[in-house]
Peer 1: 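One structure coming up, written as structure tokens, with questions to follow.
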Amino acid sequence: MKLALSDEDQAFLDEVLAFIVRHWPPSTRRPLEAAAVYPEQRQPEEAGWFDALVARGWSVPHWPVAQGGTGWTPVQRYLWDRETAYAETPRMDAYGANLLGPLLCAWGTAEQRDRFLPPIREARVRWCQGFSEPGAGSDLASLSTRALRRDDKFVVNGSKTWVSGAHSADWMFCLVRTHAETARPQDGISFLLVDMKSVGVEVAPIRTLGDQHTVNRVTLTDVEVPVANLLGQENEGWACAKALLDLERVGVARVAQSQVQLGRLKAFAGTFTQDGGTLQESPDFRRKVAEVEIDLAGLEALELRVLSQSGSGELAGPQGSVLRLRGAEIGQRINELFVEALGYYGLPYPEALLIDNEGAIGHDYALPALQGMLSSRSWTVSGGTSEIHKNSIAKALFEPGQV
Amino acid sequence: MKLALSDEDQAFLDEVLAFIVRHWPPSTRRPLEAAAVYPEQRQPEEAGWFDALVARGWSVPHWPVAQGGTGWTPVQRYLWDRETAYAETPRMDAYGANLLGPLLCAWGTAEQRDRFLPPIREARVRWCQGFSEPGAGSDLASLSTRALRRDDKFVVNGSKTWVSGAHSADWMFCLVRTHAETARPQDGISFLLVDMKSVGVEVAPIRTLGDQHTVNRVTLTDVEVPVANLLGQENEGWACAKALLDLERVGVARVAQSQVQLGRLKAFAGTFTQDGGTLQESPDFRRKVAEVEIDLAGLEALELRVLSQSGSGELAGPQGSVLRLRGAEIGQRINELFVEALGYYGLPYPEALLIDNEGAIGHDYALPALQGMLSSRSWTVSGGTSEIHKNSIAKALFEPGQV
Amino acid sequence: MDFSFSEEQTLLQDSVERFIQNDYAFEARQNNVKDEQGFSGGNWKTFAELGWLGVPFSEADGGFGGSAIESMIMMEQFGKGLVVEPFLPTVVLAGGALKIGGSAAQKEKYLAGIIDGSLQGALAYAEPQGRFNLADLTTTAKKQDDGYVLNGYKAVVLNGPAADVLVVSARTSGDQRDTQGVSLFLVPANAQGLARRDYPTVDALRASEFTLENVKVAADALIGEEGKGLPIVEQVVDEGILAIGSEAVGCMEVLYKDTVEYCKTREQFGQPIGKFQVLQHRMVDMFMEHEQSKSLMYMAAMRLDEGYTAEAQKAVSAFKVQVGKSGRFVGQSAVQLHGGMGMTEELRIGHYFKRLTTIDTLFGNVDFHLKRFGAL
Amino acid sequence: MDFSFSEEQTLLQDSVERFIQNDYAFEARQNNVKDEQGFSGGNWKTFAELGWLGVPFSEADGGFGGSAIESMIMMEQFGKGLVVEPFLPTVVLAGGALKIGGSAAQKEKYLAGIIDGSLQGALAYAEPQGRFNLADLTTTAKKQDDGYVLNGYKAVVLNGPAADVLVVSARTSGDQRDTQGVSLFLVPANAQGLARRDYPTVDALRASEFTLENVKVAADALIGEEGKGLPIVEQVVDEGILAIGSEAVGCMEVLYKDTVEYCKTREQFGQPIGKFQVLQHRMVDMFMEHEQSKSLMYMAAMRLDEGYTAEAQKAVSAFKVQVGKSGRFVGQSAVQLHGGMGMTEELRIGHYFKRLTTIDTLFGNVDFHLKRFGAL
């Protein structure tokens, strides 16, 4: 039992750090604030990073080696995730690389793997996820988008909501109902891969708090999807979805990201004055920062424990839910503290000013901080509400041998 | 809308204050700590107070005037309750004066009223309440103590638990099952008045946290209770119990008591040092005190709003539950802060030393503070758990027009 | 001791409530927000016609003679509608400064315009370095000729874009955070040397940053005595806290009731989600937070009504602390229980949440008022 | 980076766990409490025989050569049993002071007795006015002849009644709260001028108040250098925090598991109360608090194991803050969910709750360690 890295892991870490410094050098790193405000300006450096990742064979570390994965140990994967988060490198498309990719590796046919994996691995394609529907949120199995089989196609009708990034995605993986009369609602569901350029796919933005656009409603009207795009067996898509939701939990605690944010918060609070000192020096604010810092230290330690217990890096039982819940709450809290630090400068909402480039009101980070706080509220809703996660943990608690 | 008292109420308040000063003069007031440590020493002054109350006709202000009540307005009753709490006067037996008395006035026969009310009014008798059973706590209606009617008697068998003060009570009012096969479990319940001197009544103490003895288990073995001691109709005791549980809510917020405790806490914290200053001067402790002080101010204001809305002083809908919940939590919090203030002197537990009169360890108030904190945990359990009260409030919230 | 409204107060409440119900549905409100000036001039005229803009002013000054209680009554209803018309900055803040500290001549000059709706005002009291400390001022006013010259910067001035006149706090003497030496000035919006940068706020109001460069005002622009302006600002701000706190109470009522309604109808797992005990208890907590806040609102209003004493300041700080905590809890819970829908701009939920967030900051947050409460 | 136990560590854990399960059921524990000295001498002998009392000491000193990790492992299991035998005061505190600061001669004189179970010790570091500040001392030690004379008062000394030797902190120079000038002395329990008042503590341990009136000790009673005792006390106390914190983690595990079991079987309204979602989620929160505490326990132990650095101190303070908060929540929740039964002396629940309450206070409460964490 020790914290120090083994010699092998230390060598690996050095290699990772060298790679990051070379391909995402501090000089090109834009502070998060600028990135959030001017996302389009981020493109050029990102492309270089992805090229380097692909060239080095590190774009999809967690995939099977045969499909382009790296075969790293859980500790190595943790180090990679941590350091890229610390350096705020661009991130691979989560839906493709983290979710669909591993699922395809496990459940796809040889043809599907050959067709869909390379573009994901090479960062050439963006995916989105069509699970939720207006009437099916927490209760996903009650979804009603229908797919009728006609010869070698499915004809899909229905609508999906809260689809992140649908407006810039090339493909969508989604759950559809292929059989209506089943004993359990989840028994008639299939898992389809839909080309977003198909006729009948319409994407409408959903504006969320702070007038942000990340999620969409996707309407499917007589959309034809080749049977070749069915993942797994017909009517057995629920098992795919469950496997995928489990995958979604890897890294959900977002510890390194929160650590970066916390460091930024402290620096930020040092730039605000109060009674002649800085806010960061005020005992009240410092206490709140210390509290969340301790919460975060606990979460990091919990993640390391879990990591160390699971040889494979997979999460067992309710641990994924615990990490997600705590991670979301801590992230939300840090975001709240940013807004609190802003004081009166949490009020301005200078969308208009971003365009005329007159500069921010009060503080460069004011707008991203406020939007960050608002959008962080979704962290306890999307990917399963906190209540749903607690239900799962409770179930495990009540089943002996689970915890 | 104003806070100032009307001239009439001011005159009433002056009269109350004069009465208190005369019959419970500051010189005889023992600080709560001493009273808690040496309860038996409290007797002589108490008797004088009760005599004065009875002589003045103020022992049961909230009873109907015909039965010895005062006919005070809700504001006057509030002032009386507040000032006697501030002065920490002895309190009338709550089970007799506050619960059973009003219930007898409303539901008792003329004979029952003539027989039972005067001793309560004159503070000559102590009652206890036998509701809970080992298998029936929150779910009171599932109680199983049986009363079989035999001629003009009931023969009672069963056991009651958490009976406060049973060891010093003369009488117990209790719920018993007189009919086993009913559609709803509450339909076969009756309300009986049991003489604690009856053959077959056994009282066993239950030691609670901090080795305190206030509650008991009461076992009833073939106890004969005259039919004349049945309150209300046979098998309709549930209605009596509900009426009584509603009565129990008057004054449940315990605002004045908490105010007294809070004042004592501040003084107390002023006697502990920390880094050369006093604990009361430390920003952290002061902040916590301010927080609970604001909570308490809100509770007081809520109680006054409720009082002012209800001409009768009766509580409607979920208000009683809200007052009880918040009052309990605030009281618990103040008790916690006492123990926190004690620091290391929260550890000693000098029961033995009380006997040899060597004096307290660390601080006179250390023992009562610690015991107070421990026993305050029961405030969110007895008289309905917090969870049960929240269920009732939720029910009201979901029924339009209730809130 | 009496917690009930007078007949006039009940009438006032009914009148504002009716307006909100009939003329201020969420869609109408969103249209007002989209107006070029950020609120509806027509509504403002209506407010004037109904006499609302004169409520806090004495009858001698052409007003209704209302007190803190009336302000509370109106603002609570405004909170329910999420009203964006600038009652707070014009009537409560700028008007309040005149009411408390203004000379007869100043009142005559400005109050009639405020009351008849023709004049918009704002209070420019905050500065970037000062956070919530009203005395922390670097803006200076120097005597020159028979007037003053003002230099400095005022931050986040609500209603700055529409204001015809500003009440500006500036230092005439003393060090940066001295309680003495603060003075208040009436500065017309078109004064030479006054530069403005306008922007919307996250809660859909309008505000401005003001730069003052050698802005000259006459001697009669001074409100009250020179150097004695801080108590006036403090009182205005405390009345402002009662106002926005009452608004928050209105917001919380809408949020907990909307949430109950939503949970009654939204079905998941074959039943309304309101059947889930955890959600029920969360709504109970929302309800209780609202009740607690409303109770402290009454206390603060009645204390202010009795006179501007330390007791009143304490009641105001207690109210602000409660509103900060409750508002955060109720707002976050409403968003959470509405699931994804709570995150949309389309539903009104999120807009109340944003307003509660800014109310927590305005005039000092929870920490600030906890400390003030403890020190009073 | 490795979170798993070595084979020896696993064996140690199994051995302590087995002892708790077989020989330390709640009834047995209550009998130990009732023993005249407040714990079982037989158990103490067993501890010695099993080698547990030597675990933290180096092999050169006759010990097992264990580190912070081993201390954590044992104390977590002791926490599950609510062990009252004085491992903390004798081995971790008094033994720890000798281990860290003692001379070869001192170690030789005392450690063997501690390890073989024949010697009881205690650390007399706290004073009434000092609260949690280890440097706030009014007890003085003045050089006289070839030794020291001690005068003062030491508060709430755990294991005071049984201790054969005390480690006493006293001021040899400096002002009352100076970090320099603190010295540690070994004082035999039978020293002339040492008066003791014994009492039980709320968590069923034994403690004493000590008065020192011209207590004379020889020069070789000084642990470490004169005036340099504070860092030793600090390190001992930090190791003590790891110990009692680990004990708290064990307590929390028992509490959340007992609560789950109780809620599975206790029926109300025709079903086990564990079916109620609100109670389920409360238990989930208890479980998560335990997990969070346990994770920080590992961190604190590994940091201490790496060396006594500021990083280690920070990890210890973080752990203590978490244990204080979690312990309160888990303890209160367990009592609440057990209803009336949770309040009885009869059930073990309340005893764990009381222990968690005192652990929050011992060696500095949440506020103290939050501030220390923020300052480190």
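Every chain is numbered from 1, with letters handed out A, B, ... down the list of sequences. These numbers come from the heavy atoms of this one structure, side chains and all, not from hydrogens, waters or symmetry mates.
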Peer 1: Measure distances from B:Val322 to the heavy atoms of chain C and classify the residue's part below 4.5 Å as side chain, backbone, both or neither.
Peer 2: both

Peer 1: Any non-hydrogen side-chain atom of B:Lys390 less than 4.5 Å from a side-chain atom of C:Asp285?
Peer 2: yes

Peer 1: Of all the heavy-atom pairs spanning C:Leu296 and B:Ala301, show the shortest one and how long it is.
Peer 2: N-CB, 4.4 Å

Peer 1: Counting heavy-atom pairs under 4.5 Å with chain C, which one of B:Asp9, B:Asp295, B:Leu79 comes out on top?
Peer 2: B:Asp295

Peer 1: Can we say B:Arg287 and C:Asp367 salt-bridge, meaning some charged N sits less than 4.0 Å from an Asp/Glu carboxylate O?
Peer 2: no

Peer 1: Among B:Pro283, B:Ala290, B:Ala297, who wins on heavy-atom pairs under 4.5 Å with chain C?
Peer 2: B:Ala290

Peer 1: Which distance, rounded to the nearest 0.5 Å, do you find between the CG of B:Leu302 and the OH of C:Tyr298?
Peer 2: 11.0 Å

Peer 1: Please classify the contact between C:Lys314 and chain B as side chain, backbone, both or neither, with a heavy-atom cut-off of under 4.5 Å.
Peer 2: side chain

Peer 1: For the CG atom of B:Leu304 and the CZ atom of C:Phe3, what is their distance to the nearest 0.5 Å?
Peer 2: 4.5 Å

Peer 1: What part of B:Glu387 lies closer than 4.5 angstrom to a heavy atom of chain C: side chain, backbone, both or neither?
Peer 2: both

Peer 1: Check this for me: C:Glu7, atom CD, are more than 12 non-hydrogen atoms of other residues, nucleotides or ligands nearer than 6.0 Å?
Peer 2: no

Peer 1: Can you check whether C:Gln322 reaches B:Ile294 side chain to side chain, under 4.5 Å on heavy atoms?
Peer 2: yes

Peer 1: Can you tell which part of C:Leu370 gets under 4.5 Å to a heavy atom of chain B, answering side chain, backbone, both or neither?
Peer 2: both

Peer 1: If only atom types and distance count, is the side chain of B:Arg305 paired as donor or acceptor with the main-chain N or O of C:Glu291 below 3.5 Å?
Peer 2: yes

Peer 1: Is it true that B:Lys2 and C:Glu306 make a salt bridge, defined as a side-chain N closer than 4.0 Å to a carboxylate O?
Peer 2: no

Peer 1: Quick one: CE on C:Met299 to CD on B:Glu300, what's the gap to the nearest 0.5 Å?
Peer 2: 5.0 Å

Peer 1: How close do C:Val260 and B:Leu397 get, heavy atom to heavy atom, and via which atoms?
Peer 2: CG1-O, 3.8 Å

Peer 1: Checking heavy atoms, do the side chain of C:Val321, its backbone, both or neither come under 4.5 Å from chain B?
Peer 2: side chain

Peer 1: Check each atom of C:Met72 against the heavy atoms of chain B and say whether the ones under 4.5 Å are side chain, backbone, both or neither.
Peer 2: side chain

Peer 1: Between B:Asn391 and C:His281, does a side-chain contact (heavy atoms from CB on, under 4.5 Å) hold up when you go through it step by step?
Peer 2: CA-CA 7 Å; B:Asn391 284 348; C:His281 284 206; 2.7 Å; yes

Peer 1: For the atom pair CE (C:Met1) and CG (B:Leu13), what is the distance rounded to the nearest 0.5 Å?
Peer 2: 9.0 Å

Peer 1: Go through the atoms of C:Glu261 and report whether side chain, backbone, both or neither lie under 4.5 Å from a heavy atom of chain B.
Peer 2: neither

Peer 1: For C:Met288, is it the side chain, the backbone, both or neither that has a heavy atom under 4.5 Å from a heavy atom of chain B?
Peer 2: side chain

Peer 1: How many angstroms lie between atom CZ of B:Phe398 and atom CE of C:Met283, to the nearest 0.5 angstrom?
Peer 2: 3.5 Å

Peer 1: How many angstroms lie between atom CE of B:Met1 and atom OG of C:Ser6, to the nearest 0.5 angstrom?
Peer 2: 10.0 Å

Peer 1: Between C:Gln280 and B:Lys395, is the side-chain contact (heavy atoms from CB on, under 4.5 Å) condition met? List the steps.
Peer 2: CA-CA 9 Å; C:Gln280 284 182 1; B:Lys395 209 175 150 206; over 6 Å; no

Peer 1: Highest number of heavy-atom pairs under 4.5 Å with chain B: which of C:Lys371, C:Gln9, C:Lys325?
Peer 2: C:Lys325

